[in-house]
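Keep in mind that what you see is a predicted model, and the values were worked out from it rather than measured. Values below: all heavy atoms of this structure, side chains included; hydrogens, waters and symmetry mates excluded. Indexing begins at 1, ligand by ligand and atom by atom, following the structure's order.
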Amino acid sequence: MTALLNLVDVIKDYGSEAGTFRALHGVSLDVRAGEFMAIMGPSGSGKSTLMNIIGCLDTPTTGSYRFEGTDTATLSESALAKLRNAGIGFVFQQFNLLPRLSALANVALPMVYSGVSARDRATRAQVLLESVGLGDKPKSRPSQLSGGQQQRVAVARSLANDPQLLLADEPTGALDTKTGVEVLALFRALNADKGVTVVIVTHDPEVARATNRVVRIQDGRVFYDGPPTEAALYGHAEPEVTA
Ligand code: ADP
Ligand code: MG
């Protein structure tokens with residue numbers, strides 16, 4: 001079976017006047033459709049860099065990244081934009097909602113770019129708000145909502161175009177524990193009920209514990225890839241034995 005995501009020897013260099021910084025040192029990773037996994041690692045280890053590549057927001061310096069078998073390097077800018085908009089949902093630590101738009105309009109926004117009619121956008125956005133428990137808040141601006149509610153709106157927005165893949169970079173990092181648990185439950189339900197592949201970057205062992213697979217990275221290298229054992233969750237895992 002073809003992996004949903006397939007990275008081979010991905011290297012990412014950032015250039016600046018001070019020289020080149022290697023953020024990823026040859027990462028290889030297969031993710032199957034329907035997986036529910038966590039990426040862990042210290043601050044600065046390359047987690048967001050990896051997520052940006054997986055989300056087609058950035059490209060590898062060398063190495064290959066295939067999405068559903070297609071080498072993303074062969075996709076045009078418009079094909080990549082379409083993949084980002086319709087194939088992949090994004091959730092960020094700071095919610096990234098547009099402050100002047102209502103919750104409903106924020107959720108509807110990705111559908112504007114995919115050509116859904118205004119009436120259908122509004123109907124579907126309301127359904128999505130209901131699915132995250134905010135059916136009574138369509139008119140609220142982000143500033144009128146709590147952090148947890150804002151993140152629910154962001155989750156609803158990420159689902160607007162029915163993505164196969166949901167990428168969440170520290171989605172509970174700005175939330176209290178109880179609210180974080182509620183947001184995590186949304187991801188679990190999406191994975192279990194709709195088969196959405198979920199990749200969550202997290203510092204929190206309790207978030208990663210809820211997943212089926214933990215990938216630990218350190219200094220831009222995969223250090224552990226396996227089940228969420230205590231050692232993996234708390235960062236005492238033995239280095240992965242590589243051939
Ligand atoms: P993490 O998400 O694990 O905290 P990042 O992927 O954001 O780590 O960053 C990995 C390393 O790459 C860090 O040392 C960071 O400073 C560096 N880095 C990230 N983005 C850039 C960039 N745009 N330009 C230069 N260096 C960057
Ligand atoms: Mg990061």
Could you find the nearest protein heavy atom to [atom] and give me its residue, atom name and distance?
atom: atom 5 (P) of ligand 1; result: Thr49 OG1, 3.7 Å
atom: atom 22 (C) of ligand 1; result: Tyr14 CD2, 3.5 Å
atom: atom 8 (O) of ligand 1; result: Gly46 N, 3.3 Å

Test item: Asn191 side-chain N/O and Val196 main-chain N/O as donor-acceptor pair under 3.5 Å: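 Yes, the answer is positive, given that a donor and an acceptor are paired below the 3.5 Å cut-off.
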Please identify which of these residues, Leu50, Thr61, Val27, Asn52, meets the side-chain contact (heavy atoms from CB on, under 4.5 Å) condition with Lys12.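 Output: one option passes, namely Thr61.
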Short side-chain donor-acceptor distance under 3.5 Å, [Y] and [X]:
X: Gln149; Y: Gln144; value: no
X: Asp13; Y: Thr20; value: no
X: Asp71; Y: Ser64; value: no
X: Thr49; Y: Tyr14; value: yes

Going by the atom numbers of ligand 1, which of them fall below 4.0 Å from some non-hydrogen atom of Phe21?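 So the answer, numbered in order with elements, is 11 (C), 12 (O), 14 (O), 17 (C).
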Under 4.0 Å from a heavy atom of Ser48: give me the atoms of ligand 1 that qualify, with their elements.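 Selected atoms, number and element: 1 (P), 2 (O), 6 (O), 7 (O).
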Residue-ligand contact Gly41/ligand 1, heavy atom below 4.0 Å: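 No; Gly41 lies far enough from ligand 1 that no heavy-atom distance drops under 4.0 Å.
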Closer than 4.0 angstrom: is that true for some heavy atom of Gly44 and an atom of ligand 1?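 The answer is yes: ligand 1 sits under 4.0 Å from a heavy atom of Gly44.
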Ala23, any N or O under 3.5 Å of ligand 1 N or O: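 No.
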Under 2.8 Å from the Mg ion (ligand 2), is there any N, O or S atom belonging to Met51?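 No.
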What do we get for Pro42 next to ligand 1 when only non-hydrogen atoms under 4.0 Å count, side chain, backbone, both or neither?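 Only the backbone of Pro42 comes within reach of ligand 1.
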Just to confirm, does any protein heavy atom lie below 4.0 Å from atom 13 (C) of ligand 1?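 Under 4.0 Å from atom 13 (C) of ligand 1, at least one protein heavy atom found.
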Under a 4.0 Å N-O cut-off, is there an ion pair linking Arg84 with Glu77?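 Glu77 and Arg84: salt-bridged.
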